[in-house]
Amino acid sequence: ARQFFVGGNFKLNPASLQASTSLIETLNKADLDPATEVVIAPPALYVIPVQQIVRKDVKVAAQNCYFKESGAFTGEISPKQLVDAGIPYVILGHSERRTLFHETSELVATKTRAAIDAGLKVIFCIGETLEQRESGQTAAVCEEQLKAFVDVAKEVDWSKIVIAYEPVWAIGTGKVATSAQAQETHKDIRAYLSTAVSPAVANSVQILYGGSVTAGNCKELAQQPDVDGFLVGGASLKPEFADIINARK
Ligand code: 13P
């Protein structure tokens with residue numbers, strides 16, 4: 001069985017180290033289901049201080065990294081630096097990176113390969129826009145985003161990858177996907193991986209749902225057979241994050 005996995009993507013929040021610290025103090029006191037793998041992704045500047053104070057059963061992720069190890073790449077962080085800092089995870093391909101920062105599927109794939117080769121685990125984000133869903137392209141868009149990585153994934157250890165399906169229309173909008181919509185797309189993603197990679201990888205890879213997940217809607221989503229957890233934005237900054245971690249408890 002696939003382990004239940006909940007990630008908290010803090011995005012560019014909160015606006016101070018002190019506020020980050022109090023967020024972590026709340027999480028440190030919460031009663032969390034030990035069966036859930038929990039990963040939090042603070043802003044890059046706070047990754048190390050958060051790692052130093054967070055409880056040991058919660059892991060830390062960066063929200064992005066580059067594919068080069070070092071060099072003249074102003075503003076970037078390398079996978080090797082994250083490994084050196086003891087950070088085990090990185091989120092790559094988030095829709096905000098793809099849209100606001102113009103990251104192509106090829107760049108996301110290159111970064112994912114480099115991150116895994118450096119020893120990181122990757123939360124690999126995919127998902128369609130509202131227009132794409134309404135024109136029936138959801139599965140095709142997810143496939144295209146995954147295929148760019150599959151094309152460079154020769155001999156990759158797929159246990160280092162967690163997929164996050166985040167429909168763009170559900171991110172930060174309060175419009176959560178129905179559990180049927182999430183289940184259908186997760187199943188399509190597994191079907192694609194079964195053909196493009198292998199049935200074993202399709203069966204073992206964790207697929208998270210992300211987009212307006214709250215304490216109120218997480219339980220039903222968590223019951224879907226192909227939903228293995230969540231990538232949580234806004235609600236990861238609130239005490240209800242603990243309830244989402246405990247969605248299967
Ligand atoms: P929200 O939970 O705020 O909709 O954000 C989802 C997300 O983008 C997580 O990566």
Side-chain angles (χ1 to χ4, degrees), residues 4-15 19-20 23 26-27 36-44 46-47 50 58-65 87-103 105 108 111-112 115 120-130 132-133 138 141-142 145-146 161-179 181-182 185-186 189 206-222 224 227-247:
F4 197 66
F5 185 115
V6 175
N9 176 9
F10 294 179
K11 309 193 180 184
L12 191 46
N13 301 297
S20 291
L23 200 61
T26 305
L27 186 63
T36 304
E37 179 167 3
V38 183
V39 175
I40 53 168
Y46 304 147
V47 160
V50 163
V58 170
K59 299 186 189 87
V60 176
Q63 297 174 13
N64 182 30
C65 70
I87 305 302
Y89 272 98
V90 63
I91 298 173
L92 291 171
H94 191 279
S95 85
E96 288 147 21
R97 299 290 327 163
R98 292 178 188 264
T99 309
L100 302 170
F101 303 99
H102 312 292
E103 293 195 10
S105 292
V108 174
K111 293 206 241 191
T112 302
L120 293 168
K121 292 185 173 183
V122 175
I123 301 173
F124 185 91
C125 304
I126 59 174
E128 82 290 358
T129 62
L130 183 61
Q132 289 165 336
R133 173 163 283 269
T138 298
V141 168
C142 291
Q145 293 171 343
L146 276 170
I161 295 242
V162 175
I163 294 170
Y165 167 59
E166 303 205 301
V168 178
W169 49 270
I171 296 177
T173 58
K175 279 190 205 159
V176 66
T178 65
S179 50
Q181 283 173 324
T185 306
H186 286 216
I189 292 166
Q206 290 150 304
I207 308 180
L208 318 180
Y209 167 79
S212 297
V213 175
T214 63
N217 59 35
C218 67
K219 283 200 181 277
E220 194 190 327
L221 283 159
Q224 301 305 309
V227 174
D228 304 314
F230 302 111
L231 189 57
V232 185
S236 72
L237 303 167
K238 300 179 190 164
E240 74 180 281
F241 186 49
D243 301 324
I244 301 172
I245 291 166
N246 296 335

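Both counts, for ligands and for their atoms, begin at 1 and track the order of listing.
Residue Lys11 has at least one N or O atom closer than 3.5 Å to an N or O atom of ligand 1. The N/O atoms of Gly211, backbone and side chain alike, include none that comes under 3.5 Å of an N/O atom in ligand 1. For Gly172, a nitrogen or oxygen atom sits less than 3.5 Å from a nitrogen or oxygen atom of ligand 1, counting backbone and side chain alike. For ligand 1, the polar-atom distance check against Ile171 finds no nitrogen or oxygen pair separated by under 3.5 Å.
Close approach of ligand 1 to Gly234 is summarised as follows: ligand atoms under 4.0 Å from at least one heavy atom of the residue are 1 (P), 2 (O), 3 (O). Near Ala170, with a cut-off below 4.0 Å to any heavy atom, the atoms of ligand 1 are 4 (O). Close contacts of ligand 1 with His94, meaning ligand atoms under 4.0 Å from a residue heavy atom, involve 7 (C), 8 (O), 9 (C), 10 (O).
Minimum interatomic distance between Ala41 and Gln63 (heavy atoms only, all atoms of both residues): O-NE2, 2.9 Å.
In this structure, atom 2 (O) of ligand 1 lies nearest to the protein heavy atom Gly233 N, 2.9 Å. Protein heavy atom in closest approach to atom 7 (C) of ligand 1: Glu166 OE2, 3.2 Å.
Sparse packing is recorded around CG of Leu12, with 12 or fewer heavy atoms of other residues, nucleotides or ligands lying under 6.0 Å away.
Residues satisfying the side-chain contact (heavy atoms from CB on, under 4.5 Å) criterion with Lys121, sequence neighbours excluded, are Tyr89, Lys160. With sequence neighbours left out, Thr36 forms a side-chain contact (heavy atoms from CB on, under 4.5 Å) with Phe4, Val6, Asp33, Val38, Ile245.
At a 4.0 Å heavy-atom cut-off, ligand 1 touches Asn9 through the side chain alone.
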